[in-house]
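First comes the structure, then the notes that go with it.
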Amino acid sequence: MRSVLALILGGGRGTRLFPLTKARSKPAVPVAGKYRLIDIPISNCINSELHSIYVLTQFLSVSLHRHIANTYKFDMFSKGFVEVLAAQQTNESADWYQGTADAVRQNISYIEREDPDEVLILSGDQLYRMDFRHLFETHRSTRADITIAAIPVPEKDTAGFGLLSMDAQSRVTGFVEKPKTPEERQPYYTSADWIERRGIECRGRHYLANMGIYLFKTSVLLELLTAKPLATDFGKEVFPRNYKTKNISAHLFDGYWEDLGTIKSYHEASLALASSTPPFDFFSADGVIYTRMRNLPASRINGATLEQSVVADGCVIGADSRIERSLIGVRSRIGTGCTIRDTIIIGSDKFETDAQRAANRKVGRPDLNIGDNVVIESAILDKDCRIGRGARLCNRENKLEADGPNGSYHIRDGIICVPRGAVIPEGAVI
């Protein structure tokens, strides 16, 4: 039986998602109230009977490391592991990871130590459910050196992806990275017949997008990583340089898949999870999504109105508050008479005691998290935020980009982003 080692790149990296903190330590990015984004690729691995997993992160993330250590514990008789490998600055290299290929190359000793037959490379910023055993079947049946997971997309969505062209045997014959013009896209048009012969309905999706999921023969991976000049990125350099000399195949995927690496995509996909018919179901029997178990009480909702919203454990929501199309994370506390729409509240790491709330009032500091009569629309509130009574976070001027005083808030893609631990005073208007 062949052995496979999984490398998850950028787990919980937060470098694009939460660019609002100057700290080198980045969070394990929350998703769907109680999960972390890193739970998605790790759960897909476990459900695919793949138990040797390294998470390569650009930054030393204490919360990510703690989450993984407390969540993924294999029994003492198995050889399974999930381990974080943080980028390090050494005497030989003072640089952080420069790209996907560079990240893997800097950890090549771990691959050599495990000595797997194949290496599966995944992204830590994507929301999807995939049985990787189907990918393995494609890879081995085509005797590929490298297999790339690809998803059909319509022309209007191609600008954000790398595209592949294929021959009749599903061998990759060309790459283009994020084409901007029809002339750049034209060579990558794929016929409906070609797609549907592989069991997928075309539905106007004539372009094959690189999903950032790669399976390598280990010997091929090591060869390409050490070839001069050294490549920093798989999609931009490794594949375009080598598709004519290596057998690079594609595995087509047709399920739900979203890259959540930007503020806008994270906001949109999270709100979709709160809809009455979410496109991604965390409760599906097809593949459980695992996460850390927390000893939190059930949420308490006192006469509030909720519409197409998700509320995680340990929350308190006051009377006469209205929450629409929003996602409320663990330990969130929302006052009375609030209106919250199209918003993601990450929650808090702790509960405040009555004594702590009394101390807040003495120094004029709002309680965690949302005070009475607050209005919030189209926003993301990171952990441990304090929003004072009567504040209005609505972006009425429809700004696309803006920054608040002392970093108290930022607007990105028209979405109000409140950094971790930030304080918005009573009556403030954003």
Is it true that the NZ or CZ of Arg129 lies under 6.0 Å from the centre of Tyr256's six-membered ring and within 45 degrees of the ring axis?
no
Arg392, CZ: over 12 other non-hydrogen atoms inside 6.0 angstrom
no
Identify whether the distance between the nearest side-chain nitrogen and carboxylate oxygen of Arg331 and Glu352 falls below 4.0 Å.
no
Give a yes or no on whether Arg365 atom CZ has more than 12 heavy-atom contacts from other residues, nucleotides or ligands under 6.0 Å away.
yes
Salt bridge or not between Arg357 and Asp354? Use side-chain N to carboxylate O under 4.0 Å.
yes
Test side chain to side chain contact (heavy atoms under 4.5 Å, CB included) on Tyr54 and Asn107 and set out the steps.
CA-CA 10 Å; Tyr54 284 119; Asn107 291 280; over 6 Å; no
Nearest 0.5 angstrom please: Arg325 CZ to Asp342 CG, how far?
4.5 Å
What I'd like to find out is whether the side chain of Pro419 reaches to under 4.5 Å of the side chain of Asp382, using heavy atoms alone.
no
Hey, does the side chain of Ser326 reach the backbone of Thr343 with a donor-acceptor pair shorter than 3.5 angstrom?
yes
Could you label the plane-to-plane angle of the Tyr72 and His67 rings as parallel, tilted or perpendicular, counting under 30° as parallel and over 60° as perpendicular?
perpendicular
Keeping Tyr290 on the side-chain end and Asp39 on the backbone end, is there a donor-acceptor pair under 3.5 Å?
no
So do the side chains of Glu258 and Gln126 get within less than 4.5 Å of each other, counting heavy atoms only?
no
Where is the tightest heavy-atom contact between Ile263 and Arg412, given as atom of each residue plus distance?
CG2-O, 3.9 Å
Could you please spell out the steps behind the side chain to side chain contact (heavy atoms under 4.5 Å, CB included) verdict for Ile323 and Val311?
CA-CA 10 Å; Ile323 300 175; Val311 179; 5.6 Å; no
Of all heavy-atom pairs linking Gly318 and Ala304, the shortest is O-CB, 3.5 Å
Contact summary for Phe253 and Pro152, nearest pair of heavy atoms:
O-CD, 3.4 Å
Would you give the length of the straight line joining atom OG1 of Thr262 to atom CG of Asp413, rounded to the nearest 0.5 angstrom?
6.5 Å
Between Arg420 and Asp349, is the closest basic N to carboxylate O distance under 4.0 Å?
yes
Count the heavy atoms belonging to other residues, nucleotides or ligands that lie under 6.0 Å from CD of Glu397, then report whether that count exceeds 12.
no
Neighbour count above 12 (heavy atom, 6.0 Å) for Lys79 NZ:
no
Indicate the ring-plane relationship of Tyr189 and His206, choosing parallel, tilted or perpendicular according to the 30° and 60° boundaries.
parallel
Could you tell me which non-hydrogen atom of Arg241 sits nearest to which non-hydrogen atom of Leu230, and how far apart they are?
NH1-C, 4.3 Å
Kindly determine whether Tyr128 and Phe280 satisfy ring-ring contact (aromatic ring centres under 6.0 Å, His included), including the steps that lead there.
CA-CA 7 Å; Tyr128 66 106; Phe280 183 89; 8.4 Å; no
Compare every heavy atom of Pro405 with every heavy atom of Tyr409, then report the nearest pair and how far apart it is.
CE2-CD, 4.0 Å
Can you check whether Ile416's main-chain N or O pairs, donor with acceptor, with Ser378's side chain at less than 3.5 Å?
no
Are the side chains of Thr71 and Ile42 in touch, meaning some heavy atoms are under 4.5 Å apart?
no
Where the side chain of Ser275 meets the backbone of Leu273, is there a donor-acceptor pair that is under 3.5 Å apart?
no
Does Val153 offer a backbone N or O that forms a donor-acceptor pair with the side chain of Thr158 under 3.5 Å?
no
List the steps and the verdict of side chain to side chain contact (heavy atoms under 4.5 Å, CB included) for Met130 and Leu122.
CA-CA 11 Å; Met130 180 186 289; Leu122 307 171; over 6 Å; no
Heavy-atom count around Gln356 CD within 6.0 Å, excluding the residue itself: above 12?
yes
Indicate yes or no: at least one non-hydrogen side-chain atom of Val119 is less than 4.5 angstrom from one of Thr218.
yes
For Phe161 together with Tyr207, are the ring centres under 6.0 Å from each other?
no
Would you say Phe74 and Val82 make side-chain contact, with heavy atoms under 4.5 Å?
yes
pair Cys338-Arg322: side-chain heavy atoms closer than 4.5 Å:
no
Give a yes or no on whether the backbone of Lys178 and the side-chain of Lys180 come within a donor-acceptor separation of less than 3.5 Å.
yes
Give a yes or no answer on whether the side chain of Glu114 reaches the backbone of Tyr110 with a donor-acceptor pair at less than 3.5 Å.
no
Side-chain donor or acceptor of Arg292 paired with backbone N/O of Asn70 under 3.5 Å
no
Any idea which heavy atoms bring Ile424 and Pro366 closest together, and the distance?
O-CG, 4.0 Å
Asn44 (side chain) donor-acceptor with Phe132 (main chain) under 3.5 angstrom
no
Side-chain (Asp125) to main-chain (Asp259) donor-acceptor, under 3.5 angstrom
no
Flag if over 12 foreign heavy atoms under 6.0 Å of CZ, Arg133:
yes
Could you give the distance from CG (Leu252) to CE (Met211), rounded to the nearest 0.5 Å?
9.5 Å
Would Leu120 and Ile213 count as a side chain to side chain contact (heavy atoms under 4.5 Å, CB included) here? Give the steps.
CA-CA 7 Å; Leu120 178 64; Ile213 297 172; 4.2 Å; yes
In terms of relative ring orientation, are Phe234 and Phe216 parallel, tilted or perpendicular, with 30° and 60° separating the classes?
tilted
Kindly compute the distance separating CG (Leu85) from CG (Leu7), expressed to the nearest 0.5 Å.
8.0 Å
Would you indicate whether the side-chain heavy atoms of Pro116 and Ile111 approach each other to under 4.5 Å?
yes
Which value, rounded to the nearest 0.5 Å, describes the distance between Ser332 atom OG and Asp313 atom CG?
11.0 Å
Within a strict 4.5 Å, meaning less than it, do heavy atoms of the Phe136 and Val4 side chains meet?
yes
Within this structure, what is the CD1-CD1 distance for the pair Ile317 and Ile328, rounded to the nearest 0.5 Å?
6.0 Å
Result of checking Asn369, Leu393, Val375, Ile334 against Ile387 for side chain to side chain contact (heavy atoms under 4.5 Å, CB included)
Leu393
